[in-house]
Amino acid sequence: MPRATSPLNRLAVPARRALLPLADGLGGVTSAARAVPDFLICGAQRSGTTSLFKALSQHPGATGPVLRKGVHYFDTGHHHGPDWYRSHFPLRASLRPRWGRPRVRVFESSPYYLFHPLSAERIAKELPEARIVVILRDPVERAYSAHAHETARGFETEPFARALELEERRLAGTEERLVEDPGHHSHSHQHHGYVARGRYADQLERMEAAVGRERMHVVDYADLFDGGPRALAGILDFLGLPPGPDLSLGRHNARKRAVMPETLRAELTSRFADSDARLATWWGRTPSWCA
């Protein structure tokens, strides 16, 4: 079945990066003729969002931004405005039904959307029909993976245990500042929320209040990556995508790291206990890591 994606998306990473300014310039000129997303993968960070993005990009009925995984418009790039956002996506004409193919759906993936305090209301206002997909991972493992990720990217310089000690101080007042000043950007809020980002109930309740529960689909990381094809099929059904060819759900962006000390694991498990209990109530199921 013919796809609507640009051949630019098949280029190697260095080539895509070199072409980004050119693509952005062209997209800006033609933004009025471009689509906006039908659905978003909003998180959680280090929970397989890149793997899901790549899998859905293989589907003939779905396509992402030109040359990117995510645009970060509803978190750090909102000041650029809606025309800038549109400029990152394919032309609407390329997505129309043709040759027996239904209309191609557009999406992006930015895992900071779930955690940023203003993203949910921005999404509700500017994409009033878009659906939201969230993947939830054991918050202890997610925190440890996030630390390895931020360290590798140069955004973290402290060892994990020390970063956990510093988190409350680093994040103090950051959410309030982001709400009070929509143009503000907090490095620590985006990169140092190891425990805070794993308190899923707060983030899901905020998203539900903005967009409605019926537009949200939450999937357990263990079900998606270790439970067979049913979880991915459920995502396709929620998004209105027909069953496509076998989609490859690999594990992308995985990083090697030392085994977490059991004392630290036990401490973190205890810190997440109340949030996990609230999550189970909200979700109507027991998360895999609590079973």
Side-chain angles (χ1 to χ4, degrees), residues 3-5 9-10 13 16 35-75 88-90 104-116 119-120 123 127 130-139 141-143 145-146 148-149 153 197-198 200 203-204 207 211 215-255 279 283 285 287-289:
R3 286 188 52 83
T5 50
N9 284 321
R10 297 193 292 269
V13 171
R16 291 204 308 269
V36 292
D38 298 284
F39 65 93
L40 303 170
I41 303 172
C42 288
Q45 182 203 36
R46 305 305 295 163
S47 295
T49 59
T50 298
S51 297
L52 180 59
F53 176 87
K54 289 182 178 294
L56 293 176
S57 295
Q58 300 168 29
H59 195 290
T63 185
V66 178
L67 302 179
R68 286 175 173 81
K69 168 194 170 189
V71 182
H72 285 285
Y73 173 61
F74 295 108
D75 44 44
H88 293 83
F89 297 99
V104 175
R105 298 178 184 273
V106 177
F107 73 107
E108 64 144 324
S109 174
S110 296
Y112 191 30
Y113 286 169
L114 185 65
F115 188 56
H116 193 284
S119 289
I123 291 167
L127 298 179
R131 297 195 167 203
I132 309 299
V133 177
V134 175
I135 311 170
L136 300 182
R137 182 182 184 183
D138 177 350
E141 288 296 327
R142 193 222 68 81
S145 176
H149 183 65
R153 298 170 71 200
R197 282 204 184 206
Y200 301 131
Q203 300 164 65
L204 293 167
M207 186 67 73
V211 307
R215 287 170 54 195
M216 300 171 61
H217 184 77
V218 181
V219 62
D220 194 303
Y221 177 95
D223 292 342
L224 188 59
F225 290 96
D226 302 317
R230 182 178 298 179
L232 182 56
I235 293 173
L236 295 179
D237 182 64
F238 171 74
L239 297 176
L241 291 170
D246 290 338
L247 304 182
S248 175
L249 191 63
R251 295 178 186 261
H252 299 273
N253 284 350
R255 297 186 184 277
L279 170 63
W283 204 356
R285 59 161 288 180
S288 61
W289 56 92

| message | Does Asp220 form a side-chain contact (heavy atoms from CB on, under 4.5 Å) with Trp289? I'd like the steps, not just the answer. | response | CA-CA 9 Å; Asp220 194 303; Trp289 56 92; 3.9 Å; yes
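- Taking CG of Asp38 as the start and CG of Leu241 as the end, the distance is 9.0 Å to the nearest 0.5 Å.
- Other residues, nucleotides and ligands contribute only 12 or fewer heavy atoms inside 6.0 Å of the CZ atom of Arg230.
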Walk me through whether Leu232 and Leu224 qualify under side-chain contact (heavy atoms from CB on, under 4.5 Å). CA-CA 6 Å; Leu232 182 56; Leu224 188 59; 4.2 Å; yes
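- Summarising the geometry of His59 relative to Leu247, their closest heavy-atom pair is N-CD2, 4.0 Å, with the distance given to 0.1 Å.
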- request: Go through the steps to decide whether Val219 and Leu52 satisfy the test side-chain contact (heavy atoms from CB on, under 4.5 Å), and finish with yes or no.
  value: CA-CA 11 Å; Val219 62; Leu52 180 59; 5.7 Å; no
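- Not counting sequence neighbours, the partners of Asp223 by the salt bridge (Lys or Arg N to Asp or Glu O under 4.0 Å) test are Arg285.
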- Task: Go through the steps to decide whether Glu108 and Leu40 satisfy the test side-chain contact (heavy atoms from CB on, under 4.5 Å), and finish with yes or no.
- Result: CA-CA 5 Å; Glu108 64 144 324; Leu40 303 170; 3.4 Å; yes
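- Considering all non-hydrogen atoms of both residues, Tyr221 and Gly48 come closest at CE1-N, 4.1 Å.
- For Ser109, there are no side-chain hydrogen bond (donor to acceptor under 3.5 Å, both in side chains) partners at least two apart in sequence or on another chain.
- A donor-acceptor contact shorter than 3.5 Å is absent between the side chain of His217 and the backbone of Leu236.
- Contact annotation: the side chain of Ser110 never approaches that of Tyr73 to less than 4.5 Å [non-hydrogen atoms, C-beta and beyond].
- Nearest approach of Val71 to Phe89, heavy atoms of both residues: CG2-CZ, 3.9 Å.
- Side chains of Leu56 and Phe39 form a contact here, defined as non-hydrogen atoms less than 4.5 Å apart.
- Heavy atoms only, all atoms of each residue included: Arg197 and Pro111 are closest at NH1-O, 4.0 Å.
- Taking the salt bridge (Lys or Arg N to Asp or Glu O under 4.0 Å) definition, one finds that Asp246 meets it with nothing, sequence neighbours left out.
- Looking at residues two or more places apart in sequence or on another chain, you find no side-chain hydrogen bond (donor to acceptor under 3.5 Å, both in side chains) involving Ser119.
- Under the 4.5 Å side-chain criterion, counting only non-hydrogen atoms from C-beta, Trp283 is not in contact with Leu204.
- For the pair Leu249 and Phe225, the minimum side-chain heavy-atom distance is below 4.5 Å.
- Under the rule for a side-chain hydrogen bond (donor to acceptor under 3.5 Å, both in side chains), Tyr200 has no partner lying at least two apart in sequence or in another chain.
- For the side chain to side chain contact (heavy atoms under 4.5 Å, CB included) with Cys42, the lone residue among Phe74, Tyr112, Tyr113 that qualifies is Tyr113.
- The minimum heavy-atom distance between Pro90 and Thr63, with the atom names listed, is CG-CG2, 3.9 Å.
- Checked by atom type and distance alone, the side chain of Arg215 pairs as donor or acceptor with a backbone atom of Ala130 at under 3.5 Å.
- No donor-acceptor pair under 3.5 Å is formed between the side chain of Arg142 and the backbone N or O of Ala44.
- Taking every heavy atom of both residues into account, Arg105 and Gly240 meet most closely at NE-O, 3.7 Å.
- Note that CD1 of Ile41 is 8.0 Å distant from CG of Leu239, once rounded to the nearest 0.5 Å.
- Checked against side-chain hydrogen bond (donor to acceptor under 3.5 Å, both in side chains), His72 has the following partners two or more places apart in sequence or in another chain: Asp75.
- In this structure, the side chains of Phe115 and Gln45 stay at 4.5 Å or more apart for every pair of heavy atoms.
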